[in-house]
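Step one of this worksheet: look at the structure below.
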Amino acid sequence: MSESVGSPQRLRNTGIWLILAAAVLWGTTGTAQALAPAGSSPQAIGALRLAIGGSALALSAWLRGGLRNLSWPPLLTIAAGAFVALYQVTFFSAVLKTGVAVGTIVGIGSAPMFAGILEYLVRKRRPARRWYFSTGVAVFGCLLLLLQSGDIRIDIVGVVLALAAGFSYAAYALAIKLLLPGRSPEDVTAVIFCLGAIFLSPLLFTADLAWLGLVNGWLLMLHLGLVATALSYWFFASGLKTVAASTAVTLSLAEPLTAAILGIVVVGERINAVSTLGLVLILSALLLLIVPGRAEGPR
């Protein structure tokens, strides 16, 4: 009896750790791109990242016997791929328009709010009560952390683009959740990331790709494509099997936490008291979601 009751919680805990692992891998992308060769552009890197990651996931799924005789809902599948592509374009464009701090705060900070709204509208599920408090604490922690970058400028178009990025992330997270029943996480991520790469492929025709001839250029794209995309989104989709989309998006705020720690350890950035408080708030909010609480019911 106790085993049957505990199993759903254990499955949810496994899902939480998988999503946190995905967020940690995403947190390496900023440091990786900071080491990118001269001449590379965020848009080209984003398109190549999806192409490499999607191809790796598709090959792995095919070799494991996946992607065969599966029916895919056309509208939902295309929408998922489109939102994956839209996130890449809107987020990087927002950062260029309004700076790293504001673009990241608005983009990442708005995603949990959009996820909660979308989950209620589409699945008629309200997030667990602890989600509201932990999300607010985590977003405030991000605000404290990212405002220390010193690159603060408000551009209305940039803010709108950042909001579009936050909405896109929440939308494709929910789309993955809806596509998972009857399909493996590997199949789902392979299909939507290949679609996203197709949507972004026109960007590569006008981009300068000479930097790909450099060793660090290839190493960068292999890391971003295979580790920070293919592996990370397989973790993310696997975690979504047992974790609500709204909770998963809030847990992914471990990404800026990881990025900040890497900035301190690898890049040598200095941290002040305000940034330290931001890190502590984000970590506390994530721990609140991780600690077992009242059962949330099937997800």
Side-chain angles (χ1 to χ4, degrees), residues 11-12 15 18-19 22-23 26 46-47 49-51 53-62 64-91 107 110-127 131 161 163-202 229-252 296-299:
L11 289 172
R12 182 176 181 274
L18 285 169
I19 290 166
W26 295 335
R49 176 187 178 187
L50 292 189
S55 299
L57 286 164
L59 178 61
S60 177
W62 183 264
R64 290 172 178 267
L67 299 176
R68 295 176 173 88
N69 302 321
L70 288 178
S71 60
W72 296 86
L75 185 59
L76 179 61
T77 305
I78 292 172
F83 280 122
V84 165
L86 185 62
Y87 173 79
Q88 302 289 325
V89 174
T90 53
F91 180 75
S110 66
M113 175 192 69
F114 285 126
I117 294 171
L118 286 173
E119 190 159 62
Y120 176 73
L121 292 176
V122 175
R123 303 187 70 212
K124 307 302 180 186
R125 297 192 68 95
R126 293 181 184 274
W131 175 85
L161 286 168
L163 287 171
F167 178 82
S168 300
Y169 174 42
Y172 77 69
L174 180 59
I176 290 173
K177 177 80 174 176
L178 296 174
L179 286 168
L180 280 171
R183 304 174 184 89
S184 73
E186 200 169 35
D187 287 349
V188 172
T189 49
V191 167
I192 67 169
F193 277 91
C194 284
L195 281 174
I198 291 171
F199 285 130
L200 289 185
S201 59
T229 300
L231 181 60
S232 66
Y233 276 99
W234 182 83
F235 284 158
F236 186 69
S238 298
L240 277 172
K241 278 182 168 288
T242 55
V243 176
S246 55
T247 300
V249 172
T250 298
L251 286 169
S252 66
E296 295 180 20
R299 288 296 175 184

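What you see is a predicted model, and the numbers here were worked out from it, not measured in a lab. Basis for what follows: all heavy atoms, side chains included, without hydrogens, waters or symmetry-related copies.
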No-hydrogen, no-angle side-chain donor-acceptor test under 3.5 Å, Ser252 and Tyr169
yes
Leu240 side, atom CG; Ile19 side, atom CD1 - distance, nearest 0.5 Å
5.0 Å
Without hydrogens or angle criteria, can the side chains of Thr189 and Trp234 be said to hold a donor-acceptor pair below 3.5 Å?
no
For the residue pair Asp187 and Gly66, what are the closest heavy atoms and their distance?
OD1-CA, 3.6 Å
Residue from Phe91, Tyr87, Phe114 passing ring pair (Phe, Tyr, Trp, His ring centres under 6.0 Å) with Phe167
Phe114
Is a donor on one side and an acceptor on the other found under 3.5 Å between the side chain of Ser55 and the backbone of Ala51?
yes
For the CZ atom of Phe199 and the CD atom of Gln88, what is their distance to the nearest 0.5 Å?
13.5 Å
Can a side-chain donor-acceptor contact be found between Arg12 and Thr242 if the only test is distance below 3.5 angstrom?
no
Ala115 and Val249 have their tightest heavy-atom pair at CB-CG2, 3.7 Å
When you look at CG of Leu75, are more than 12 heavy atoms from neighbouring residues, nucleotides or ligands closer to it than 6.0 Å?
no
Where do Ser168 and Leu86 come nearest, in terms of heavy atoms and distance?
OG-CD2, 3.3 Å
Please round to the nearest 0.5 Å and tell me the distance separating atom CH2 of Trp62 and atom CG of Leu57.
15.5 Å
What's the shortest heavy-atom distance between Ser110 and Leu163, and which atoms?
CB-CD2, 3.9 Å
side-chain contact (heavy atoms from CB on, under 4.5 Å) assessment of Leu195 paired with Val84:
CA-CA 9 Å; Leu195 281 174; Val84 165; over 6 Å; no
Criterion side-chain contact (heavy atoms from CB on, under 4.5 Å) on Tyr172 and Tyr233, from CA distance to verdict:
CA-CA 11 Å; Tyr172 77 69; Tyr233 276 99; 2.6 Å; yes
Distance check, rounded to the nearest 0.5 Å: Ile176 atom CD1 versus Ile192 atom CD1?
3.5 Å
Between the OG1 atom in Thr247 and the CD atom in Glu119, the distance rounded to the nearest 0.5 Å is 7.0 Å
For a side-chain contact (heavy atoms from CB on, under 4.5 Å) check, start with the C-alpha distance between Leu174 and Arg123, then their side-chain angles and the critical distance, and finish with the verdict.
CA-CA 9 Å; Leu174 180 59; Arg123 303 187 70 212; 3.8 Å; yes
Shortest non-hydrogen contact from Leu180 to Ala237?
CD1-O, 3.2 Å
Ring of Trp72, cation from Arg183 - is the NZ or CZ under 6.0 Å from the centre and inside 45° of the axis?
yes
Atom OG in Ser246, atom CZ in Arg125: separation rounded to 0.5 Å?
9.0 Å
Audit row: Leu18, Phe236, side-chain contact (heavy atoms from CB on, under 4.5 Å) steps and yes/no:
CA-CA 6 Å; Leu18 285 169; Phe236 186 69; over 6 Å; no
Nearest heavy-atom pair of Cys194 and Ala58: which atoms, and what distance?
SG-CB, 4.0 Å
Treating Lys241 as the side-chain partner and Pro185 as the backbone partner, does any N or O pair qualify as donor plus acceptor under 3.5 Å?
no
